[in-house]
Chemist: 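Here it is, the structure in full.
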Amino acid sequence: MDAYILDAVRTPRARAKPGKGALSGLHPQELLAQTLKQLPLRTGVDVADVDDVVVGVVSQIEAQGANIARNAVLAAGWPISIPGFSLNRFCGSGLQALSLAAMGVASGAQQLVVAGGVEQMSRYGLNADGGGTDGGNVDLRRRFFQVPQGISADLIATLEGFTRQELDAFGLRSQQLAVRAQAEGRFQRGLFPVKHPQTGEVLLAVDDHPRADTTAEKLAALAPAFTQLGARAEGPDGETLDALALRAYPRAGAVRHLHTAGTASGIADGAGAILVASKDYVRAHGLKPRARVRAVSAVGSDPVLMLTGPALAARKALDSAGLKARDIDLWEINEAFAAVVLQTARALEIDLDQVNVNGGAIALGHPLGATGSILVGTALDELERRGQSLALVTLCTSGGQAVAAILERG
Ligand SMILES: CC(C)(COP(=O)(O)OP(=O)(O)OC[C@H]1O[C@@H](n2cnc3c(N)ncnc32)[C@H](O)[C@@H]1OP(=O)(O)O)[C@@H](O)C(=O)NCCC(=O)NCCS
């Protein structure tokens, strides 16, 4: 694909509880607008040239409704000629935005597109739009009962034979790598401090989600997060969620509830934005892109297991780029749950030493619509730091889907 990334920027990710958190007081349009404003500052590009702004956001209601992309363009003070639209591919939304932007400029239809994502989970937590996994379609439920993600994650761990200790070790690794990355300033290039729109006071300058005091012992003491959820009788005929998962996968025998708050992605507020240009635009303006988007992909996978799409999406993107998994220097596999990364790495036969080398959403949080765009910047920063070439970013999503993108530096 001929699509070039000029820069990628993000807010810090803030811990989010309902109505609480360092970024909870901002309007989500302002959170996104501050992120957009960074792009021309950093690249010197004339924003009047932006053909479109594509923004991933999952809960498109209330303050996050009303086409947050277009409103953030206006809130950023950008020319009114710049359009914007929001999209929802659940947790893959921010990377889907990059895919669309890349397709737009590679096709020749567009020259300069901003891709991004935003989610303020302190206002709109999981399932804030009330749609659940299937919009309450009872007929569909009898064909495919899409159990909640936590149950899917525990089912994957059960089927793959992962132990609680293995998942906890992965949770600890995420925390340790994220804390090291922060201490070494590895996130600094992509980060900007979010400020209060009126007072200019810095609200948050660094990710505040990691827990530096995490230990194996503390993780081992945490209660499983989804046992009670699994026992809820929410099936069309009064079946529990666990029973519905087992109906699809009887060989599991029982759903082993192994994930905890220490091995699941954290609830967070945040936004990210990426400036994507065509080859012609890059040439005409004498720009030096940070990376080329080599390939993008989206796949559907089993909607009950739900979170096993990343390996499929990765393979599809690799095939389209004419690459093999072993060609990839760095992987960003979204840490929706520990079992997702472990299953993906196992399926692709890749070394965990190349995966999420600066931690992931378990430690840093997962602001749903934003994470995909944030991970693109994380991958680019680390490729540059290491002097390496190729990164693959992938995220699982609700509904049994996944998205991926391959980035080539320089
Ligand atoms: C798993 C989940 C339910 C936990 O929610 P929660 O209980 O609100 O989680 P918290 O992060 O607040 O942690 C709760 C407690 O666990 C303990 N804890 C969490 N992480 C810990 C760690 N790394 N080390 C030690 N203790 C930890 C703490 O005691 C914490 O309480 P505190 O913040 O008061 O100290 C929630 O994070 C979740 O749903 N995650 C998945 C999100 C998701 O599905 N996203 C879409 C992906 S497809």
Side-chain angles (χ1 to χ4, degrees), residues 13-21 56 58-59 88-95 117 119 121-122 124-129 132-133 146-157 167-179 207-230 257-270 301 303-310 333-341 343-344 359-372 375 394-403:
R13 277 158 283 187
R15 268 189 212 198
K17 295 281 179 196
K20 289 190 188 147
V58 174
S59 294
N88 177 13
R89 204 195 281 280
F90 302 112
C91 302
S93 301
L95 197 66
E119 205 83 34
M121 298 184 79
S122 55
Y124 306 114
L126 295 170
N127 192 27
D129 69 3
T133 50
Q146 299 170 60
V147 294
Q149 280 95 326
I151 307 295
S152 294
D154 282 337
L155 180 61
I156 291 168
L167 300 186
D168 283 355
F170 188 82
L172 181 61
R173 168 195 194 267
S174 182
Q175 299 284 351
Q176 289 173 338
L177 293 179
V179 169
D207 301 300
D208 73 1
H209 197 280
R211 295 172 185 265
D213 60 352
T214 303
T215 60
E217 293 69 33
K218 283 184 185 168
L219 288 177
L222 295 178
F226 303 109
T227 308
Q228 285 164 356
L229 184 63
H257 289 291
L258 298 172
H259 286 91
T260 68
T263 47
S265 52
I267 309 297
D269 294 344
S301 60
V304 178
L305 270 189
M306 196 176 295
L307 311 172
T308 50
I333 303 169
N334 186 35
E335 293 179 1
F337 298 90
V340 171
V341 186
Q343 184 273 333
T344 305
I362 290 173
L364 292 152
H366 175 24
L368 307 179
T371 302
L375 292 183
T394 181
L395 300 91
C396 58
T397 95
S398 186
Q401 305 182 92
V403 288

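Residue numbers start at 1 and run along the sequence shown. Atoms within each ligand, like the ligands themselves, are counted from 1 in listed order.
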Chemist: Below 4.0 angstrom from a heavy atom of Ala264, which ligand 1 atoms are there? Numbered from 1 as shown, please.
Modeler: 1 (C), 40 (N)

Chemist: Using a 4.0 Å heavy-atom threshold (strictly under), name the region of Leu222 that reaches ligand 1: side chain, backbone, both or neither.
Modeler: side chain

Chemist: Does a side chain donor of either Ser122 or Asp269 reach within less than 3.5 Å of an acceptor in the other side chain?
Modeler: yes

Chemist: Would Thr214 count as being in polar contact with ligand 1, using the rule that some N or O on each side must be under 3.5 angstrom apart?
Modeler: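 Indeed, backbone or side chain, Thr214 has an N or O that close.
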
Chemist: Using distance alone, decide if ligand 1 has a nitrogen or oxygen within less than 3.5 Å of any nitrogen or oxygen in Gln149.
Modeler: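 Min N/O separation from ligand 1 is not below 3.5 Å for Gln149.
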
Chemist: Tell me the closest heavy-atom pair linking Lys218 and Asp213, and the distance in Å.
Modeler: NZ-O, 3.1 Å

Chemist: Under a 4.0 angstrom heavy-atom cut-off, which atoms of ligand 1 come close to Ala336?
Modeler: 47 (C), 48 (S)

Chemist: Please determine if Arg15 has a nitrogen or oxygen closer than 3.5 Å to a nitrogen or oxygen of ligand 1.
Modeler: no

Chemist: With a cut-off of 4.0 Å, which atoms of ligand 1 are near a heavy atom of Gln175?
Modeler: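 Near Gln175, the atoms of ligand 1 are 23 (N).
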
Chemist: Under a 4.5 Å cut-off applied to non-hydrogen side-chain atoms, are Val340 and Asn334 in contact?
Modeler: no

Chemist: Report yes or no: does a heavy atom of Phe337 sit under 4.0 Å from some atom of ligand 1?
Modeler: yes

Chemist: Shortest non-hydrogen contact from Cys91 to Cys396?
Modeler: CB-O, 3.4 Å

Chemist: Where is the tightest heavy-atom contact between Glu119 and Ala370, given as atom of each residue plus distance?
Modeler: N-CB, 4.2 Å

Chemist: Check each heavy atom of Asp213 against ligand 1 and say whether those closer than 4.0 Å belong to the side chain, the backbone, both or neither.
Modeler: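 It is neither part, as no heavy atom is under 4.0 Å.
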
Chemist: What do you reckon, does Lys17 have a nitrogen or oxygen under 3.5 Å from a nitrogen or oxygen of ligand 1?
Modeler: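 Between Lys17 and ligand 1, an N or O pair is found under 3.5 Å apart.
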
Chemist: Give the numbers and elements of all ligand 1 atoms closer than 4.0 Å to a heavy atom of Leu219.
Modeler: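 The list of qualifying atoms is 22 (C), 23 (N), 24 (N).
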
Chemist: Just go through Arg211, Met121, His259 and tell me whose heavy atom is the nearest to atom 28 (C) of ligand 1.
Modeler: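 Nearest heavy atom to atom 28 (C) of ligand 1 lies in Arg211.
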
Chemist: Side chain of His209, backbone of Ala363: donor and acceptor closer than 3.5 Å?
Modeler: yes

Chemist: Out of Ala216, Ser174, Ser265, indicate the one that has the non-hydrogen atom closest to atom 37 (O) of ligand 1.
Modeler: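 Minimum heavy-atom distance to atom 37 (O) of ligand 1 goes to Ser265.
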
